Amino acid sequence: MYTMDWKKKIEELKKGTIPEHLAIIMDGNGRWAKRKRMPRKAGHKAGVEKLKDVSRWCGELGISVLTVYAFSTENWGRPTDEVSFLMKLFETTLRKEKKELLKNKTRVCVIGDRTQLPAKLQELIQDIEESSKHCDVLRLNIALNYGGRREILDAVENLYHAVKDLPAEGITQDYFSRFLYTYDVPDVDFLIRTGGDMRLSNFLLWQTAYAELYFTSTYWPDFNQDELAKALSEFSRRQRRFGKIREV
Ligand code: FPP
């Protein structure tokens with residue numbers, strides 16, 4: 001919704017610092033559903049709706065990259081019917097939302113080990129990545145079967161195969177980052193986690209080294225424009241020093 005209120009908030013926020021790369025751990029779908037005496041699946045469906053809204057809001061705010069945690073390498077441990085429901089939900093969402101994503105000029109990329117995902121889902125991922133390649137308003141990275149430690153190990157392996165004879169001192173942080181799944185986007189500036197827990201849960205471990213962290217107890221389906229504005233105005237007030245001395 002593009003209300004007058006929201007338009008004013010955008011203008012206000014744009015006077016401050018807007019993160020270039022925002023990462024979100026969308027937690028609390030299950031508890032949101034439970035509180036409403038609905039099945040967990042209803043929470044995940046509401047979570048998808050919220051992701052659609054938030055991606056649009058990020059585009060309106062001028063955020064260039066949004067990376068969201070949709071399914072971790074640990075999430076396979078959930079009951080099988082929830083796992084297969086989530087896989088189906090990712091499939092239907094990619095199928096149904098393709099047109100809208102392209103209309104909003106959203107480039108979709110999936111990060112994580114996709115080889116373990118259902119074949120149909122892999123096809124849909126490839127299709128949306130290919131079709132949205134030219135989109136330049138928002139880059140939406142969806143972390144699916146993603147684990148931060150796995151990503152770092154994959155990077156080590158790829159680097160090893162790519163450059164066996166590189167002297168060890170040639171492996172700078174910059175060089176190493178080129179082997180991560182996120183090789184073509186800047187590090188995370190701001191990370192938001194909904195749902196009340198205060199941890200990273202194996203999400204973007206390398207990329208969040210200097211990110212500002214923001215935790216809210218709001219469940220993901222309840223996260224709204226006010227919450228996003230509140231988080232972003234806090235980001236704007238934070239002094240990022242990257243390990244250096246505070247400027248006076
Ligand atoms: C965490 O809530 C959420 C998930 C594991 C799934 C997140 C997925 C979506 C929001 C859908 C994204 C859709 C696409 C197409 C990318 P939880 O189940 O851990 O909630 P709980 O902590 O309350 O149990």
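A quick note: this is a predicted structure, and the numbers were derived from the prediction, not measured. Order of listing sets the numbers, starting from 1, for every ligand and every atom in it.
Side-chain contact check for Lys14 versus Ile10: some heavy-atom pair is nearer than 4.5 Å.
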Table of N or O contacts for ligand 1, cutoff 3.5 Å:
unit_1	atom_1	unit_2	atom_2	d
ligand 1	2 (O)	Asn29	N	3.4
ligand 1	18 (O)	Arg40	NH2	2.8
ligand 1	18 (O)	Arg78	NH1	2.8
ligand 1	19 (O)	Asp27	OD1	3.1
ligand 1	19 (O)	Arg78	NH2	2.8
ligand 1	20 (O)	Gly28	N	3.4
ligand 1	20 (O)	Asn29	N	3.2
ligand 1	20 (O)	Gly30	N	3.0
ligand 1	22 (O)	Asp27	OD1	3.0
ligand 1	22 (O)	Arg31	NE	3.4
ligand 1	22 (O)	Arg31	NH2	3.1
ligand 1	23 (O)	Gly30	N	3.3
ligand 1	23 (O)	Arg31	N	2.7
ligand 1	23 (O)	Arg31	NE	2.8
ligand 1	24 (O)	Arg40	NH1	3.0
ligand 1	24 (O)	Arg40	NH2	3.2

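We find that Asp189 and Arg238 are not joined by a salt bridge, their nearest charged nitrogen and carboxylate oxygen being 4.0 Å or further apart. Of the charged side-chain nitrogens involved, at least one lies within less than 4.0 Å of a carboxylate oxygen, so that Asp113 and Arg150 count as a salt-bridged pair.
Rounding to the nearest 0.5 Å gives a distance of 5.5 Å between CE of Met87 and CG of Leu117.
In terms of the side chain to side chain donor-acceptor pair (under 3.5 Å) criterion, Asn158 has no residue partners (sequence neighbours excluded).
Tyr69 and Phe203 have parallel rings, their planes meeting at less than 30° on a 0 to 90° scale where 60° marks the start of perpendicular.
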